[in-house]
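Only one structure is covered here, and it is reproduced in the block below.
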Amino acid sequence: MATHATHHHHRSFLLRFLPFLTLLLLSAADDSDVMLKLLSSLSPAPSGWSSSTPFCNWNSVRCDFTSSFVTAINLSSTGISGTLPPEVNQLSQLQFLALQKNSLTGPLPSFGNMTSLQQIYLDNNGFSSVPNNFLVGLINLQTFSISDNINLGPWEIPTYLTESRNLVAFYASNANITGIIPDIFGSFPNLQNLRLSYNNLTGSLPGSFSGSEIQNLWLNNQRVGLSGRIDVLASMTQLAQVWLHANAFSGAIPDFSNCKNLFDLQLRDNRFTGVLPPSLMNLPKLLNITLQNNKFQGPYPLFPITVSVIMGTTDSFCLDRPGPCDPQVSTLLDVAGALGYPMSLAESWGGNNACQDWRFINCDSLGRNVTIVNMGRQGFSGSISPAFANLTSLKNLVLNDNNLTGMIPPLLTTLPELQIFYVSNNNLSGPIPVFPPSVKFMYDGNLLLGRNDRESSGGGSGGAPGTSPGNGDGSSSRTSGQSNSVGIIAGVIVVVVVFVGVVLFVLYKCYVKRKHKRVGRVEESQRQGNSDHSEIPVFKGGNVMISIQVLRQATNNFSKENVLGRGGFGVVYKGELHGGTKIAVKRMETGATGIKGMKEFQAEIAVLTKVRHRHLVALLGYCINGNERLLVYEYMPQGTLGQHLFQWQELCYQPLTWKQRLIIALDVARGVEYLHSLAQQSFIHRDLKPSNILLSDDMRAKVADFGLVKNAPDGNYSVETRLAGTFGYLAPEYTATGRVTTKVDVYAFGVVLMEIITGRKAVDETVSEERSHLVTWFRMVLINKDNLRKSIDPILDPDDETYESICKVVSLASRCTVRKPTQRPDMGHVVSILGPLAERWKPSKPEEDDAYGMDRHMSLRQRWQADEEITLSAELWRPRTF
Ligand SMILES: Nc1ncnc2c1ncn2[C@@H]1O[C@H](COP(=O)(O)OP(=O)(O)O)[C@@H](O)[C@H]1O
Ligand SMILES: *[C@@H]1O[C@H](CO)[C@@H](O)[C@H](O)[C@H]1NC(C)=O
Ligand SMILES: *[C@@H]1O[C@H](CO)[C@@H](O)[C@H](O)[C@H]1NC(C)=O
Ligand SMILES: *[C@@H]1O[C@H](CO)[C@@H](O)[C@H](O)[C@H]1NC(C)=O
Ligand SMILES: *[C@@H]1O[C@H](CO)[C@@H](O)[C@H](O)[C@H]1NC(C)=O
Ligand SMILES: *[C@@H]1O[C@H](CO)[C@@H](O)[C@H](O)[C@H]1NC(C)=O
Ligand SMILES: *[C@@H]1O[C@H](CO)[C@@H](O)[C@H](O)[C@H]1NC(C)=O
Ligand SMILES: *[C@@H]1O[C@H](CO)[C@@H](O)[C@H](O)[C@H]1NC(C)=O
Ligand SMILES: *[C@@H]1O[C@H](CO)[C@@H](O)[C@H](O)[C@H]1NC(C)=O
């Protein structure tokens, strides 16, 4: 073929390329040169490979019938290192190349034009770069795997891949891919597996996913995050496993009802909003779904018992249990839906009372009915929902200067109280509705509105602002009045039917759920029984009574050497059970501590047996011995955050890095968020401070000391007669009025953040009075931003990136400690701020994926599964190729 081509060329050209041509011809005669080259660049030499034997006899090498050409090489998991010579691409008959799970390094060769190649496995190596035209012209390529090559320089998914029309599987997770997912998926009629997790892909899902046959789609954990809506997935009818978690996807979840094989849908840790479509709860094959850390709205979803669901605490569902939303809330969610569920609404429109601090909404003086909706100049696109017509008390509807399209729903003319309707400067179209004269209707700046209408000139003139009450007897509306009212009646009928249907459906679902719940609970307690330490006898429902003998033995008879610390109500000892489990034993004497100590003991047991979270210190059991009360906790080997912040020099600790501080802060926030958001009974810690934050060997934090925890009476506050807690961390409203809400913890958390930033104690008696109260001092410092650098813990000595991160935490700390409790963020918000900051500093190792938070909606069974999932997904991670 080469000689044929040169016929047409000039002789000098031929001469110039002669060496190259001979090489080509030589190699065409036989693959031995290339194979020898390959052999010499691998070390150690693969077993059975030797220059003294013909290459077709080497282990794991297959040749064609002429014994001149290699067709397959399999060096999978053979412990080889070295590089791949560029000449590999001269193996013209090679169909199968498996080099995965070795220690190969260096640049990858180009596989361009290796038209026989069907399968390439390069995963789990240390290759350093991908050449241009890497996979160009691979017309027979079926499987390509390059996952887990973390040393690769950044590369993009090439668009010429469209030449590989037979592609079945493309595995490239954890391979430093950047750029977008190119819009090339119309070219792969057989593509089933696309795995691109743990890269730095950005942009949105390509339109050509539509109609693709992909079954297994992994796009999770992109560094910056894929974004945009995921509607295109609804048309991918073969989807079975879809991992989208830890990205920046937004918008609502589409109707997946055409994806009948979908069994695993990971949506957590994105920016999804909107009401979950009922079809999601009815997917026939669904087994696993995660939803947490999004901003879902509307009714709390109710999945069949067969589905393992993980829900979050930061969503804006109207209730924390299944059931229909308040009608006014449903109406406004329809409004939000017509706007594509924008994030700004999802963030503020939570709960089941639209009159409670919803952005853009005002209500009547009783706080019952919405009277004003003011969403002007918000950059909203989408349409005006006819559901507005349900807000019968609405007086002002202001939607000007957005990007709204579609028609103005004629039903709006029926709003009895409407006074102002302002939609100027949008892209609305269709007829101009006729409002009663009492309505001031402004609609200029909508070029398409009423274009077929004769009266399109009258922008802003729709009615006099002066009220001409009820009897205007709209002669202008009489022409179209009849058809209008027929429409309205039909609309109302439809609406009523739908409503009744929804109510019946929800009632039915509630009934089913209640039945399931009972079953679930039985499973829970059984599981608990089985999973407890064998050394410790099981006591009622999983709480564990431990004998004093066991504790004496474990703590060397409460010897001095075993003392870990002293708290307000007793001494804490280190101990070790027979099985080697390290414990911390808090020993209190009722004589010494009186009733208060008893109360703490009981409170702590009561709380700790109800809560369980990876960022709360676990209670392993307790013991009552005469006047003694003992609590047994998991042992936290690195002591308290206080020690690491303020006493690291005396105790010979390494000072905490900023990264460690961030992760600790996030851990604590997650623990407290969990306490605050427990479904049945939410708790307030009331004594959050660095000495109650304990650290594990890998410097992950758990919140401890639940002696002061209070039940949060839902939504309300309780008034305390006696103050509890620690000076320096007490929220002002609490000291002033005894009002306790979850915001008391948010305040204390803010103080802890300040301590983390400055390395100074909340109250420091050793300095002058005006500096001794950290919050006051810090606020003063912040008045001039230039002071900030000086107030940061000097040991941190931040570089620019760290400084930027610190500034964000400074601003969070300030917000957490504002005077008015209602202006403080909730812990969910705190988590959502700290999460990305801490994430940025973490290595991108998939095993360390920690976006995972146990939460209120998980039964013990689910928690179990979640623990398993962590190991499981790490395991699944390595593409199982052979
Ligand atoms: N689970 C634990 N693991 C290791 N050390 C602990 C544990 N619990 C408490 N400690 C140590 O014992 C000290 C006293 O604990 P505690 O009585 O809870 O403190 P306080 O009453 O001051 O909040 C702590 O400051 C800590 O150093
Ligand atoms: C490749 O080699 C590995 C290890 O020897 C073996 O497990 C695997 O089955 C081989 N694959 C093929 C397709 O021959
Ligand atoms: C593949 O072949 C084409 C045409 O034969 C040639 O232009 C191109 O350079 C080759 N690409 C590689 C990477 O070898
Ligand atoms: C990926 O590419 C970036 C940009 O060149 C580089 O900084 C990084 O070290 C590469 N590797 C990984 C594992 O991210
Ligand atoms: C990830 O991609 C973004 C946008 O393409 C880029 O700005 C950023 O530097 C990349 N990060 C890494 C670590 O490669
Ligand atoms: C409007 O209200 C009616 C009656 O309360 C209800 O059936 C219907 O679902 C509501 N429509 C919307 C869009 O909220
Ligand atoms: C609030 O709305 C309800 C239902 O639409 C209506 O019955 C009631 O009269 C309204 N209340 C006020 C004060 O307008
Ligand atoms: C308005 O919407 C149109 C069509 O959806 C879009 O092309 C345009 O960019 C939007 N304009 C603004 C200002 O958002
Ligand atoms: C569902 O998730 C659990 C852990 O959360 C895992 O054990 C199980 O294998 C998953 N099921 C499927 C079908 O992926």
Side-chain angles (χ1 to χ4, degrees), residues 46-48 59-62 71-80 95-102 118-121 143 145 326-328 331 354-355 363-371 389-395 415-417 555 562-576 581-588 593 596-597 600-601 604 608 616-620 629-644 646-647 651 685-697 701-709 724-726 729 880-882:
S47 84
N59 279 355
S60 326
V61 170
R62 252 179 288 141
T71 56
I73 300 174
N74 180 2
L75 292 173
S76 160
S77 306
T78 48
I80 47 170
Q95 296 169 16
F96 179 94
L97 177 63
L99 301 169
Q100 74 272 30
K101 299 182 182 145
N102 286 299
Q118 295 173 11
Q119 316 221 23
I120 309 177
Y121 297 97
T143 303
S145 170
D326 170 77
Q328 201 162 244
T331 299
C355 294
C363 294
D364 58 25
S365 55
L366 294 172
R368 296 226 181 95
N369 294 355
V370 174
T371 53
N390 271 15
L391 300 173
T392 49
S393 300
L394 197 62
K395 293 196 172 94
L415 278 167
E417 306 284 333
T555 59
N562 283 31
V563 171
L564 283 171
R566 270 163 230 277
F569 295 106
V571 182
V572 181
Y573 297 85
K574 182 180 173 174
E576 190 171 332
T581 308
K582 296 230 169 63
I583 55 174
V585 184
K586 189 179 195 172
R587 187 187 195 196
M588 307 184 265
T593 57
K596 220 169 154 203
E600 288 218 4
F601 176 78
E604 194 138 4
L608 280 173
L616 301 180
V617 170
L619 181 70
L620 299 178
R629 299 285 179 273
L630 300 103
L631 291 168
V632 181
Y633 303 96
E634 64 180 312
Y635 172 64
M636 299 292 287
Q638 287 293 325
T640 72
L641 174 62
Q643 290 164 342
H644 283 262
F646 312 124
Q647 288 175 282
L651 298 171
H685 187 282
R686 289 208 301 169
D687 200 14
L688 205 57
K689 55 181 177 179
S691 65
N692 285 335
I693 294 166
L694 299 176
L695 299 171
S696 65
D697 267 331
K702 297 191 189 214
V703 177
D705 210 340
F706 297 85
L708 291 180
V709 166
T726 306
Y729 304 88
R880 281 163 298 182
T881 39
F882 291 101

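The figures that follow rest on heavy atoms only: side chains count, while hydrogens, waters and symmetry mates do not. Counting convention: from 1, in listed order, for ligands and their atoms alike.
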Relative to the heavy atoms of L694, which atoms of ligand 1 are at a distance of less than 4.0 Å? 1 (N), 2 (C), 7 (C), 8 (N)
Note: ligand 1 atoms sitting under 4.0 Å from heavy atoms of A584 are 1 (N), 2 (C), 3 (N), 7 (C)
Given 3.5 Å as the limit, does a donor-acceptor pair link the side chain of Q328 with the main chain of V370, or not? yes
Polar contacts were defined as any N/O atom of the residue lying under 3.5 Å from an N/O atom of the ligand; does this apply to G639 and ligand 1? no
What is the distance from atom CD of Q118 to atom CG of L97, rounded to the nearest 0.5 Å? 12.5 Å
Test item: T640 and Q647 side chains (from C-beta on) under 4.5 Å apart, heavy atoms: no
S76 N/O under 3.5 Å from ligand 2 N/O: no
If we only count heavy atoms from C-beta on, is the P46 to L75 side-chain gap below 4.5 Å? yes
Check for a donor-acceptor pair, side chain of H644 on one end and backbone N or O of G639 on the other, with a separation under 3.5 Å. no
Residue shell around ligand 7, heavy atom under 4.0 angstrom: D364, N369, T392, S393
Walk me through it: do Y633 and L694 pass the test side-chain contact (heavy atoms from CB on, under 4.5 Å)? CA-CA 11 Å; Y633 303 96; L694 299 176; over 6 Å; no
Do N692 and V703 make a side-chain contact, defined as non-hydrogen atoms from C-beta onward lying under 4.5 Å apart? no
Going by the atom numbers of ligand 2, which of them fall below 4.0 Å from some non-hydrogen atom of F96? 13 (C)
Numbered in order shown, the ligand 1 atoms found under 4.0 Å of a heavy atom of L564 are 4 (C), 5 (N), 27 (O)
Can an N or O of E634 be found at a distance shorter than 3.5 Å from an N or O of ligand 1? yes
Against heavy atoms of K586, which atoms of ligand 1 measure under 4.0 Å? 17 (O), 18 (O)
Rounded to the nearest 0.5 Å, what separation is found between the CG atom of N102 and the OG atom of S76? 7.0 Å
Would K586 and D705 satisfy side-chain contact (heavy atoms from CB on, under 4.5 Å), going step by step from the backbone distance to the final call? CA-CA 10 Å; K586 189 179 195 172; D705 210 340; 3.5 Å; yes
For K574, is the nearest heavy atom under 4.0 Å from an atom of ligand 1? no
Pairs of nitrogen or oxygen atoms closer than 3.5 Å, one from K689 and one from ligand 1: do any exist? no
Show the atoms of ligand 2 that are less than 4.0 angstrom away from any heavy atom in N74. 1 (C), 2 (O), 3 (C), 8 (C), 10 (C), 11 (N), 12 (C), 14 (O)
Within-4.5 Å side-chain heavy-atom neighbours: L688 and Y729: no
Using the rule given for side-chain contact (heavy atoms from CB on, under 4.5 Å), can you reason through R566 versus V571, listing the C-alpha separation, both sets of side-chain angles and the distance that settles it, and then say yes or no? CA-CA 4 Å; R566 270 163 230 277; V571 182; 3.5 Å; yes
Any side-chain heavy-atom pair of E634 and V617 under 4.5 Å: yes
If we number the atoms of ligand 1 from 1 as shown, the ones under 4.0 Å from a heavy atom of Q643 are 27 (O)
Going by the atom numbers of ligand 1, which of them fall below 4.0 Å from some non-hydrogen atom of T640? 24 (C), 25 (O), 26 (C), 27 (O)
Would Q638 and D697 satisfy side-chain contact (heavy atoms from CB on, under 4.5 Å), going step by step from the backbone distance to the final call? CA-CA 6 Å; Q638 287 293 325; D697 267 331; 3.1 Å; yes
In terms of atom number and element, which parts of ligand 1 are under 4.0 angstrom from non-hydrogen atoms of D705? 18 (O), 19 (O), 20 (P), 21 (O), 23 (O)
